[in-house]
Amino acid sequence: MKHIMITGGGSGLGLGMAQRYLKRGMTVSVLDLLVNEENQAKLSKAAAEGKTQWAFFEMNITDDAAVAQAVAEAISQFGSPDLAVNSAGVVINKTVADMTPADFRRVIDINLNGSLHFASAVLPQMKKGARLALVASLAGITSNYGYSAYAASKFGVVGLATALRYEYEPLGIHLSCICPPEVHTPLVDKERLEGNPISLELKKTAGCMDPEDACDQIVAGLDGRQWMIIPSFTGKLTGFVARHMPGAFNAYIQMTVKKLLKQYPIEA
């Protein structure tokens, strides 16, 4: 029976992936700050369907010692993970002018430093043939208006995953980098209430995915041992244009921002 370890598995994409693996009969360790009662019930229902088990290990992804302890406890209970996924993350949708340096550091600490904390803790415990997956974002390829902190963190995750790929794949540990476009999760609901309107309009370029569809495509990509997993055709197309036609992509974004600034003028 395989062991799947997922940080941020208490909600959002992490929860969706955990449910899918449990239904397959795999054991799942969920590493997170908390798992509310509703999501505990979802995980237990999925485990009953797959005739398997799951366990929660409390940790704060920004605390490297806490992450290492949670990873060690999960391995002690279920063994070395066959797949370890870092899905813990946070988003802030503010321009540099509207953001404090503390805001920026918090996003970097959770998304980028947290990815390093998890990778550093779990990789030495993984066996040949196992896979580490880091959840980045399409914003880690394209960026966006009002995404200086979030995009910087996710560009960093893509770079970290790439470096780890060079370091660990020759040793038999495989890497995946997951770069979804916007997915309708609780984080997105919060962002829509508080986010910059120009940024929210630009995000429509790649579309917003249903979380069930996003999780299905991500898990399929992991099953296929893909390196770069970008769910949705629109997401793939947006990422392709940003990477391979950067001049055209920049011109389109700049033109769109200028139009949106007329609709949403910046107050002095």
**Item:** From CA spacing to verdict: side-chain hydrogen bond (donor to acceptor under 3.5 Å, both in side chains), Gln217, Asp213
**Value:** CA-CA 6 Å; Gln217 291 191 41; Asp213 188 26; 3.2 Å; yes
**Item:** Electrostatic pair Arg20:Asp223 at N-O distance under 4.0 angstrom
**Value:** no
**Prompt:** Ion pair present between Asp82 and Lys127, side-chain N to carboxylate O less than 4.0 angstrom?
**Reply:** no
**Request:** Tell me yes or no: between the side chains of Trp54 and Thr27, is some donor less than 3.5 Å from an acceptor?
**Result:** no
**Request:** Say whether Glu73 and Gln77, considering side chains only, have a donor N or O and an acceptor N or O under 3.5 Å apart.
**Result:** no
**Asked** What residues, two or more places apart in sequence or in another chain, satisfy ring pair (Phe, Tyr, Trp, His ring centres under 6.0 Å) together with Tyr150?
**Response**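 Tyr150 satisfies ring pair (Phe, Tyr, Trp, His ring centres under 6.0 Å) with Tyr147 only.
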Less than 4.5 Å apart, any side-chain heavy atom of [X] and any of [Y]?
| X | Y | result |
| --- | --- | --- |
| Leu123 | Leu132 | yes |
| Phe155 | Thr142 | no |
| Cys177 | Ile229 | no |

Counting N and O atoms only, with roles assigned by atom type, does the side chain of [X] sit under 3.5 Å from a partner on the main chain of [Y], one being a donor and the other an acceptor?
| X | Y | value |
| --- | --- | --- |
| Thr205 | Leu202 | yes |
| Lys94 | Thr100 | no |
| His3 | Gly79 | yes |

